[in-house]
Amino acid sequence: MLRGSRRAGGKAVWLPAAMDHAGTVLGQRQIDDKSNETLAFIPLLRDIDLANTVITADAAHTQHANRTWLREQHAHYIAVVKANHPHLPARLKKLLWRDIGLDHYGKATSHHRIEFRRLKAAALRHLDYPGALQALQVVR
């Protein structure tokens, strides 16, 4: 949402943006009142050259249509998987994570608490998800 902005009737203006790692805004799109950000994913990125880029987005955008479109643009992606995607979390949980070595372990202090993170990666042959070749497990 655009902080401090309001439309007639008091609704906030919602402007999702595409940014690079330096924080430069590459594209921005206003969301209609009767829509949501999921439908704005492809229109937001359509005018950006995505070839050989890695796209990250939140779990709401982990949709087959979005990932298929990204692969057609020759882009790569990191898809966040949560329960909003039917059957995909269950398929990922069935991977033999206990047999996979730990790739990264980190410990950090933030907001007056200690946070531990561990990361594992698994190569895939078939996950029934467009272009998926690897799964990452992040445990915090």
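Predicted model only: the values in this text are computed from it and were never measured.
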A.B. asks: Within a radius of less than 6.0 Å around NE2 of His74, do more than 12 heavy atoms belonging to other residues, nucleotides or ligands occur?
C.D. replies: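 No, the 6.0 Å shell around NE2 holds no more than 12 heavy atoms from other groups.
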
A.B. asks: Please lay out, stage by stage, how Trp97 and Lys120 fare under the test side-chain contact (heavy atoms from CB on, under 4.5 Å).
C.D. replies: CA-CA 8 Å; Trp97 292 110; Lys120 293 182 177 187; 3.9 Å; yes

A.B. asks: Just wondering, do Leu102 and Tyr105 contact through their side chains at under 4.5 Å, heavy atoms?
C.D. replies: yes

A.B. asks: Would you say the side-chain atoms of Thr24 pair up with the backbone N or O of Asp20, donor to acceptor, closer than 3.5 Å?
C.D. replies: no

A.B. asks: Might you work through the side-chain contact (heavy atoms from CB on, under 4.5 Å) test for Arg118 and Gln137, ending with a clear yes or no?
C.D. replies: CA-CA 8 Å; Arg118 69 175 201 228; Gln137 181 191 58; 4.3 Å; yes

A.B. asks: To the nearest 0.5 Å, what is the distance between CD on Gln63 and CG on Leu70?
C.D. replies: 12.0 Å

A.B. asks: Would you call Glu37 and Asp58 a side-chain contact if the rule is heavy atoms closer than 4.5 Å?
C.D. replies: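 Contact flag for Glu37/Asp58 side chains = yes.
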
A.B. asks: Minimum heavy-atom separation for Val80 and Ala57, please, with both atom names.
C.D. replies: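 Residues Val80 and Ala57, closest heavy atoms: CG2-O, 3.4 Å.
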
A.B. asks: Would Arg67 and Tyr77 count as a cation-pi pair here, with the cationic atom under 6.0 angstrom from the ring centre and within 45° of the axis?
C.D. replies: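 Pair Arg67/Tyr77 counts as cation-pi.
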
A.B. asks: Taking all heavy atoms of Asp49 and all of Thr53, pick out the closest pair and write down the distance.
C.D. replies: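 Answer, listing the atom of Asp49 first, then Thr53: O-CG2, 4.1 Å.
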
A.B. asks: Can you see which heavy atom on Phe41 is nearest to which on Ile55, and at what distance?
C.D. replies: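 Of all heavy-atom pairs spanning Phe41 and Ile55, the closest is CZ-CG2, 4.3 Å.
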
A.B. asks: For a quick test of reading the model, state the closest non-hydrogen atom pair linking Ile48 to Gly27 and the distance between them.
C.D. replies: CD1-N, 4.3 Å

A.B. asks: Step by step, would you call Ile78 with Val54 a side-chain contact (heavy atoms from CB on, under 4.5 Å)?
C.D. replies: CA-CA 7 Å; Ile78 297 175; Val54 178; 4.1 Å; yes

A.B. asks: Applying the 4.5 Å side-chain criterion to the ILVMFWY set and letting contacts propagate, would Leu92 and Leu136 be lumped into a single cluster?
C.D. replies: no

A.B. asks: Given Lys107 and Ile114, is the side-chain contact (heavy atoms from CB on, under 4.5 Å) satisfied, shown in steps?
C.D. replies: CA-CA 7 Å; Lys107 177 182 173 183; Ile114 299 172; 3.7 Å; yes

A.B. asks: Heavy atoms only: give me the nearest Val25-Ala17 pair and the separation to one decimal.
C.D. replies: CG1-CB, 4.2 Å

A.B. asks: Atom OG1 in Thr38, atom NE2 in His61: separation rounded to 0.5 Å?
C.D. replies: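 Nearest 0.5 Å value for the OG1-NE2 distance: 5.5 Å.
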
A.B. asks: For the residue pair Ile31 and Leu15, establish whether any side-chain heavy-atom pair is separated by less than 4.5 Å.
C.D. replies: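 No, side chains not in contact.
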
A.B. asks: Taking the side chain as everything from C-beta on, heavy atoms only, tell me whether Arg29 gets closer than 4.5 Å to Pro43.
C.D. replies: yes

A.B. asks: If every non-hydrogen atom of Pro89 is compared with every non-hydrogen atom of Lys82, which pair is closest and at what distance?
C.D. replies: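 Minimum heavy-atom separation between Pro89 and Lys82: CG-O, 3.2 Å.
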
